[in-house]
Peer 1: 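Before anything else, here's the structure in question.
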2 protein chains.
Amino acid sequence: MSPSTHRSSAKPSGLDCRLAVLGTDVRLTPHRREVFQVLAESTDHPTAYDVFNRVKGKSPSISLATVYNCLEHLTAGGLIKQVNVERAQSRYCANLHEHVHFHCDECGQVSDAHPKADFDPGLFWQLPAGARITRTDVAIHGVCPTCISKKA
Amino acid sequence: MSPSTHRSSAKPSGLDCRLAVLGTDVRLTPHRREVFQVLAESTDHPTAYDVFNRVKGKSPSISLATVYNCLEHLTAGGLIKQVNVERAQSRYCANLHEHVHFHCDECGQVSDAHPKADFDPGLFWQLPAGARITRTDVAIHGVCPTCISKKA
DNA sequence: TATTTGAATTAGAATGATTCTTGTTCCAAA
DNA sequence: TTTGGAACAAGAATCATTCTAATTCAAATA
């Protein structure tokens, strides 16, 4: 492998360009940039392993551990979101618009569902008295249109 | 271990008393009954390992594998519910009333939150056109009253 | 420019919850 | 009484993820 295969920055300013939408800032190293790019180009909520395989196209030497590491830092920086469904392997998502996920129980596909109206869980459920709510995870399960038409 | 330590049924009809609220029916063997009992007496959403330790009081010879097996069958029979938060180990719950869970991000405690009003996810999120919804998982995260008072 | 420092990266080992496998035990029907 | 199938136990296997230790790199400092 040539020494310049990776760690080459697109910006002349080197690696020290930090970016964070929320949370701690992240140094956008070439690997992190590639991992982010893969997610930004994906709408299918890939797993860490999926990301690994896609990034290998650009950086054949990248390791799965680095992908996990990049995903962790990008998540901490608020650049991507981790999506967990039941106990299946985590998926990742670069859609930062507020949304929840729809999971097809037939094919496993995960798709985004964007908000139509403000949602306040306190209106629907009796929460422990005095609790402070920080966030609500909503996962909608069902059968996607594709699977419905396949069965018909 | 005496041969009658377990497999002794409370009912004279032997093991063949089946029960199911929803889903496939479950043979309520003594082990399954004990696992269910432990959950029915718990409000803290124990993990499989917690259940294992509690059941060992009555059936010291039970194995963790059997506990997992019992939990699986009881879940399939709709007698208990599996509660998954992020990718942490599964917890189990014998509260069959419709409810969601509140998770304290400080102490990890999980508590039930019962419905106050009908909740229709389709009103709040734009779902894939033509999708059929089967269920919605709602997990509310925050800080429980106990942890709030500890920090004050 | 050379050195230092700390983060990024890598490969592989370790972890840990869960599932699987295999052999055994038991119940109930034949 | 025999037999078939489920329940059970013990431990191995799985597998996503995390950790470890060693290396490489980039930016700051000397």
Side-chain angles (χ1 to χ4, degrees), chain A residues 1-9 11-18 24-36 46-53 55-56 59-77 82-92, chain B residues 1-9 11-18 24-36 46-53 55-56 59-77 82-92:
Chain A
M1 179 187 69
S2 88
S4 60
T5 302
H6 58 320
R7 298 192 198 255
S8 61
S9 171
K11 286 200 175 181
S13 57
L15 294 184
D16 208 9
C17 88
R18 292 155 184 273
T24 9
D25 58 347
V26 209
R27 289 177 62 167
L28 267 193
T29 66
H31 277 166
R32 292 181 187 174
R33 195 184 303 272
E34 283 162 7
V35 165
F36 178 76
T47 64
Y49 197 76
D50 292 335
V51 172
F52 172 56
N53 280 320
V55 170
K56 273 201 292 193
S59 288
S61 71
I62 199 170
S63 75
L64 181 57
T66 299
V67 171
Y68 270 107
N69 186 35
C70 292
L71 290 169
E72 184 188 320
H73 283 272
L74 292 170
T75 303
Q82 191 183 40
V83 181
N84 293 313
V85 192
E86 302 297 321
R87 287 187 43 82
Q89 56 196 305
S90 294
R91 296 172 169 277
Y92 297 86
Chain B
M1 179 188 70
S2 88
S4 60
T5 302
H6 59 318
R7 298 189 199 257
S8 59
S9 171
K11 286 202 178 183
S13 58
L15 294 183
D16 207 8
C17 87
R18 293 153 184 275
T24 8
D25 58 347
V26 208
R27 289 177 63 167
L28 266 192
T29 66
H31 277 164
R32 292 181 188 173
R33 196 185 302 272
E34 283 161 8
V35 166
F36 178 75
T47 63
Y49 197 75
D50 293 335
V51 171
F52 172 56
N53 280 320
V55 169
K56 273 201 291 191
S59 289
S61 73
I62 200 171
S63 76
L64 182 56
T66 299
V67 170
Y68 269 107
N69 187 34
C70 292
L71 290 169
E72 183 187 322
H73 283 273
L74 290 170
T75 303
Q82 190 183 42
V83 182
N84 294 313
V85 192
E86 304 296 322
R87 286 187 44 82
Q89 56 195 307
S90 294
R91 295 170 171 278
Y92 297 87

Peer 1: Nearest to the Ser63(B) side chain among dA10(D), dT10(C), dT18(C), which nucleotide is it?
Peer 2: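 Ranking dA10(D), dT10(C), dT18(C) by closest atom to the Ser63(B) side chain puts dA10(D) first.
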Peer 1: Under 4.0 Å: is that the gap between some side-chain N or O of Ser61(A) and OP1 or OP2 of dT9(C)?
Peer 2: no
Peer 1: Among dA8(C), dT10(C), dT17(D), find the nucleotide with the atom closest to the side chain of Arg32(A).
Peer 2: dA8(C)
Peer 1: Would you kindly give the CG-to-C1' distance between Leu74(B) and dA7(D), to the nearest whole Å?
Peer 2: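 Whole-Å distance recorded here is 13 Å.
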Peer 1: Starting at atom NZ of Lys56(A), determine the distance to atom C1' of dT10(C), rounded to an integer number of angstrom.
Peer 2: 14 Å
Peer 1: Look at the side chain of Ala65(B) and decide which nucleotide, out of dG11(D), dA8(C), dC8(D), has an atom nearest to it.
Peer 2: dG11(D)
Peer 1: Just compare dT10(C), dT9(C), dT18(C) and give me whichever is closest to any side-chain atom of Ile62(A).
Peer 2: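 My answer, after comparing the listed nucleotides, is dT10(C).
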Peer 1: Which listed nucleotide (dT10(C), dA9(D), dA8(C)) is nearest to the side chain of Thr66(B)?
Peer 2: dA9(D)
Peer 1: Identify whether any heavy atom of Ser90(B) sits under 4.0 Å from a base atom; if not, whether one sits that close to sugar-phosphate; answer base, sugar-phosphate or nothing.
Peer 2: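 Sugar-phosphate: the residue Ser90(B), judged by heavy atoms under 4.0 Å, touches backbone atoms but no base.
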Peer 1: Can you see if the side chain of Arg87(A) gets near the phosphate of dA17(C) - specifically, an N or O under 4.0 Å from OP1 or OP2?
Peer 2: no
Peer 1: dA16(D) phosphate, OP1 or OP2: any side-chain N/O from Thr47(A) under 4.0 angstrom?
Peer 2: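 It does not, given that no N or O in the side chain of Thr47(A) lies less than 4.0 Å from OP1 or OP2 of dA16(D).
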Peer 1: Could you state the NE2-P distance from His73(B) to dG5(D), rounded to the nearest angstrom?
Peer 2: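 These atoms are roughly 16 Å apart.
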Peer 1: Which whole-number value in Å describes the distance from Leu64(A) CG to dA13(C) P?
Peer 2: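 Value for this atom pair: 15 Å.
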Peer 1: Separation of Glu72(B) atom CD from dC8(D) atom P, in whole Å?
Peer 2: 13 Å
Peer 1: For the residue pair Asn69(B) and Thr66(B), confirm or rule out a side-chain donor-acceptor distance under 3.5 Å.
Peer 2: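 Thr66(B) and Asn69(B) do not have a side-chain donor-acceptor pair below 3.5 Å.
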Peer 1: Taking the side chain as every heavy atom from C-beta outward, state whether His31(B) and Ile62(B) have any atom pair closer than 4.5 Å.
Peer 2: yes
Peer 1: Would you say the side-chain atoms of Glu34(B) and Ser59(B) include a donor-acceptor pair closer than 3.5 Å?
Peer 2: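 There is such a pair between these side chains.
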Peer 1: Would you mind telling me which of dA17(C), dA16(D), dC8(D) lies closest to the side-chain atoms of Gln89(A)?
Peer 2: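 So the nucleotide nearest the side chain must be dA16(D).
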Peer 1: Mind checking whether Val83(B) and Thr47(B) have side chains closer than 4.5 Å, heavy atoms only?
Peer 2: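 Side chain of Val83(B) against side chain of Thr47(B), heavy atoms only: no contact under 4.5 Å found.
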Peer 1: Does OP1 or OP2 of dT19(C) have a side-chain N or O of Tyr68(B) closer than 4.0 Å?
Peer 2: no
Peer 1: Taking atom P of dA26(D) as reference, at what distance in whole Å does atom CZ of Arg33(A) sit?
Peer 2: 13 Å
Peer 1: Give the rounded distance in Å between these two atoms: CD of Glu86(B) and C1' of dT17(D).
Peer 2: 15 Å
Peer 1: Starting at CG of Leu71(A) and ending at P of dT17(D), how long is that distance when rounded to a whole Å?
Peer 2: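 One finds 9 Å between P of dT17(D) and CG of Leu71(A), rounded.
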Peer 1: Is the distance from OP1 or OP2 of dC8(D) to the nearest side-chain N or O of His31(B) less than 4.0 Å?
Peer 2: yes
Peer 1: So do Val51(B) and Leu64(B) actually touch side chain to side chain, heavy atoms under 4.5 Å?
Peer 2: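 Of all side-chain heavy-atom pairs linking Val51(B) with Leu64(B), none is under 4.5 Å.
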